[in-house]
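Below is one structure, written out as structure tokens; the observations come after it.
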Amino acid sequence: MNNIIEQLIPFLPSKAIARVSEYEEMTFDIIDEKTDEEIGSYSVNEHGELVSFSLFDETTQGDVVKDEIAAIADKFLKTFHPTKKEYELSAILDLDNPYMVVYEKRDETYGLFLHSMGFVVSVSSAGQVTQFHYSEEEYEIQNDDHVITKEEALKQYINQLDFALTIEHYDHEVYKNGDSLYHLSYSLIEHITDVPVDGSDPFSIREENKGECNIPLQDPPNKSVYELVGITSEYRLLDSLKEEGKKTEVWTKNKLLDSGSFEMDEPENHVVKLKFDEQTESLLGVFSGEEFENDGEEICLEDAKKHAIDFMFKLFPDANERFHIEVLEEFDDEEEFEDEEMDDESEDEFDLDDYFEEDFDIEDEDLDEEEYIEHEQTYTFYFHLYHQGIRVDQHVSTLDIGKFTGKITSFDLDIPAPELYTHLLTSPKISYDEAKGIYKNQLEMELVFTRDYDENEKAIYKLSYSPSFPATVGHVRAIDAMTGEAMFVDVGDATFL
């Protein structure tokens with residue numbers, strides 16, 4: 001494949017050669033001639049055509065403008081696929097470096113693009129092509145006899161639309177017109193994503209009741225936070241660290257350990273880590289890497305739930321007002337057993353001795369117990385934050401309870417500073433119907449092709465109406481419940497053709 005690497009050289013940051021990959025067929029490593037380092041890779045199809053390309057280094061910043069980005073992508077495409085003129089430029093997406101330049105086929109009857117099939121060229125703001133991908137598959141376009149109007153589609157879409165009154169953070173990184181403050185908000189709940197042109201019922205993405213429920217009032221337990229977590233007299237404090245207003249403690253009952261990491265998201269066997277707010281001494285997180293040693297009976301879900309609620313009342317005596325609880329659904333035991341059987345069969349067929357090369361010498365002591373330590377299975381509980389009966393969106397604290405010991409194996413408190421949201425009024429000035437009307441005024445139904453697959457894995461394209469927002473480009477996802485402002489998603493410097 002010398003021709004491919006020679007064609008790639010003008011698009012590479014340095015002169016390079018290609019070597020056949022040891023791991024994947026039809027794939028080649030791109031090697032820097034001077035340093036002999038692997039700087040990228042590419043793959044070809046059975047016809048010798050380039051189907052993917054990627055550089056490994058981080059994307060560099062530059063000041064190349066969008067028109068020049070498109071020209072660079074077009075040059076790359078014409079270099080490797082000069083005969084595929086049926087693909088047209090359909091979008092330039094701003095991914096905050098790089099840009100993603102998309103080429104797709106256009107249907108002759110309606111003049112619409114067939115999405116998710118074609119070329120994607122990623123170009124950095126410094127003008128460097130960083131990635132390329134080409135996908136093509138067998139497809140069929142289904143033409144419907146009866147086509148409903150945009151107005152009919154809009155009515156059907158709006159009827160399936162809902163809003164939830166929440167307290168939402170209008171993050172400027174998400175919303176183009178966001179101010180990064182908390183607001184009383186009507187947050188969009190979509191039950192359908194498009195409306196078929198034949199007037200048939202749209203595919204519903206409506207979510208059933210998640211099982212979230214109120215927490216009844218109770219007195220906080222008399223036990224300490226340490227006792228509720230499972231820290232007893234058997235444990236000793238290995239070390240503690242005060243940093244950036246937080247205090248982290250590392251506990252263990254393993255007599256051989258003499259130190260531990262303070263990273264809460266770093267798994268570490270035989271230790272329990274607790275993080276506190278240094279000023280208020282409130283518990284912020286728990287992470288346990290203890291080995292599971294209990295041979296007793298499994299505690300029931302209700303007992304675990306009671307322990308979880310006791311724990312939250314210890315931290316927050318008004319937990320019944322602050323939170324709603326949701327229980328993570330359990331997988332079916334029979335399905336788990338079947339999966340385990342399949343894993344066991346796979347392990348029987350897989351010989352580790354054949355996998356490791358002779359020069360890859362592994363000493364027995366390197367395969368220490370940390371590689372194979374068994375951790376306790378858990379029940380998981382979600383505590384959704386509320387303020388005066390209104391959900392504070394996207395703030396959910398998680399808590400895991402051991403199924404046998406009843407210990408808290410993991411806890412992550414997710415609550416913003418009270419001064420950011422507790423001052424907000426919870427009675428909206430804009431009514432639900434007014435919010436829906438504001439949303440409708442921003443909306444226009446656009447004719448597009450949606451893709452599905454038949455039983456033979458053939459791509460089937462069907463006409464549908466999809467929501468679009470001509471005035472903002474970015475979709476409206478919320479309505480400010482006090483001002484009526486429509487909050488729309490930041491799509492950057494994107495262009496859609």
*Taking NZ, NE, NH1 and NH2 as the nitrogens, is one of them in E290 or K407 under 4.0 Å from a carboxylate oxygen of the other?*
yes

*Looking at K253 and E291, does any basic side-chain N land under 4.0 Å from a carboxylate oxygen?*
no

*Looking at the rings of F469 and Y439, which for Trp means the six-membered one, are their centres under 6.0 Å apart?*
yes

*Find the distance between OG1 (T130) and CG (D57) and round it off to the nearest 0.5 Å.*
11.0 Å

*Got a sec, which residues hit ring pair (Phe, Tyr, Trp, His ring centres under 6.0 Å) with Y134, two or more places apart in sequence or on another chain?*
H81, F119

*Can the ring centres of F449 and F113 be said to be less than 6.0 Å apart?*
no

*Step by step, work out the side chain to side chain contact (heavy atoms under 4.5 Å, CB included) result for F276 and L284.*
CA-CA 5 Å; F276 298 87; L284 304 176; 5.7 Å; no

*Full working for side chain to side chain donor-acceptor pair (under 3.5 Å) between Y465 and E444*: CA-CA 9 Å; Y465 284 104; E444 182 177 304; over 6 Å; no

*Pair V250-F262, side chain to side chain contact (heavy atoms under 4.5 Å, CB included): steps then yes or no*: CA-CA 7 Å; V250 182; F262 293 107; 3.8 Å; yes

*Could R106 and E108 be called an ion pair, given the rule that one side-chain N must be under 4.0 Å from one carboxylate O?*
no

*With N456, which residues qualify under side-chain hydrogen bond (donor to acceptor under 3.5 Å, both in side chains), at least two apart?*
none

*Do F292 and H375 have ring centres separated by under 6.0 Å?*
no

*Describe, in one word, how the ring planes of Y379 and F381 are oriented to each other, choosing from parallel (under 30°), tilted (30 to 60°) and perpendicular (over 60°).*
tilted

*Taking 4.0 angstrom as the limit, do R477 and E190 come out as a salt bridge?*
yes

*asked:* Could you check whether K176 makes a cation-pi contact with F488, meaning its NZ or CZ is under 6.0 Å from the centre of the six-membered ring and within 45° of the ring axis?
replied: no

*Ignoring hydrogens and geometry, is there a side-chain-to-backbone donor-acceptor pair from Y42 to L8 under 3.5 Å?*
no

